[in-house]
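A note on names: the letters A, B, ... follow the listed sequences, proteins ahead of strands, and every chain is numbered from 1.
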Amino acid sequence: METVFPLFTNGFIDNNLNLMLGLGIGIIFGFILERGGFGTSAHIAPVFYFRSLIVPKIMVTAIITAATLIFVGSLLGYIDYSQIFIPTTYLWPYLIGGMIFGLGMVMSGWCPGTAVVGIATLKIDAIFFALGLLVGMFFYFDIYEYIIDFANSGNLGKFTIDKLVGGDIRISYLITVAASLGLLLFVIAVKKVIDNKGEN
Amino acid sequence: MNKKRYWSPVTAGILLGIALFISFIVAGQGMGASGAFARSTAQIAYSVDPNFAQNAYAGKYLKHGNALLNWTVIEVVGIFIGGFISALIARRIKPEVTRGKGYSSGKRLFFAFLGGVIVAAATRLTRGCTSGQALDGAATFSVGAWIFMLAAFGAGFFFAFLFKKQWKGVE
């Protein structure tokens, strides 16, 4: 059986067509994000107070759905998993940067993707967030040469779950599903405890 | 308000997962967002000062010509269009500053801006945001995605007490 996917990296579509299809894929993403409720910070910030679990529910369902399709497609030989872009894991920058990101997310009620939808629906706070993003990017460009060592520390390469625990894509898939569901059940349980206490 | 017109989280999640899959099997990459803001900033800085092409970080965006001729940038334009179409159909396009009851708009917009500054710098350290790092990475079995997700949401819960008033009653 011939591996045809991903179409672009396998040479079945050229760069221009890939870019055009990217616009269409983005339109689908934007439509779904807005329909899911990601077009307003009112649906994102309450997650951090356990008043709403919309964000973790959508994220976990999306991760499991996409992971299942990629896993099955790879097992059947339709998808060349090695050609799918997976960012290099940098342990320390991801840990520290992730925490900084979390602070900014609860402070603003946005992340870059949802803010694009927020701007499209005229949320003024999304517009200010996006202006902040531009300033923050510029700030990072300016300080990068001073933090270059930290920014590239803990380089683990293309570090997938099977490389951490041993085994192959099957173990990666099982752990991904288990971890996603486990995390979702955990936040649902925490929400129940908080709701019963009558806080909020 | 208009909650009936929103999809259930499971419906939205399944459709988002399928869209992510389509993106992966067509382009070889998933949803991205922060990269488009980084490239926009680089292109703006370059058009003001061409010497910016030598910048230690942003130089890589500028060496192949226009930093905006890039898959993620075009896909983010798509996200804007798709979000607009959906909201237009659902009649949800209206200027608004989402904030807690009695919380001042000025303070809210200040924190939205400052949060943006912080998030932007963080996404350069983490090579992506909730889309390009967390969702895409987790769906393709990357360990880094989980490090990022646990750190980001952990910190979000940890720092939430600082912004209680801003989000009071918001849901």
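- Interface remark: B/D136 contributes no atoms to any contact with chain A (heavy atom separation under 4.5 Å).
- Between B/Y57 and A/Y144, the angle of the ring planes goes over 60°, which puts this pair in the perpendicular group of the 30/60° scheme.
- Ring planes of A/F138 and B/F52: parallel class, angle under 30° (limits at 30 and 60°).
- Between the OH atom in A/Y140 and the OG1 atom in B/T123 there is a gap of 8.5 Å [rounded to 0.5 Å].
- With A/Y49 contributing its side chain and B/A160 its backbone, the two residues share a donor-acceptor pair below 3.5 Å.
- Scanning residues 64-74 of chain B against chain A with a 4.5 Å heavy-atom cutoff picks out B/N70, B/W71, B/I74, ordered by number.
- Under 3.5 Å, the side chains of A/Y94 and B/Q133 contain a donor-acceptor pair of N or O atoms.
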Validation: residues 175-193 of chain A side-chain donor-acceptor distances under 3.5 Å, sequence neighbours left out:
unit_1	atom_1	unit_2	atom_2	d
A/T176	OG1	A/S172	O	2.8
A/S180	OG	A/T176	O	2.5
A/K191	NZ	A/D195	OD2	3.0

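- Under the 4.0 Å criterion applied to side-chain N and carboxylate O atoms, B/R99 and A/D125 are not assigned as salt-bridge partners.
- Within the hydrophobic cluster formed by Ile, Leu, Val, Met, Phe, Trp and Tyr side chains joined at under 4.5 Å, directly or through other members, A/Y146 stands alone, with no partner residue.
- Of the listed residues A/F150, A/F31, A/Y90, the one with more heavy-atom pairs under 4.5 angstrom with chain B than any other is A/F31.
- B/F84 belongs to a hydrophobic cluster with A/L122, B/L88, B/I93, counting contacts under 4.5 Å between side-chain heavy atoms of Ile, Leu, Val, Met, Phe, Trp and Tyr, direct or through other members.
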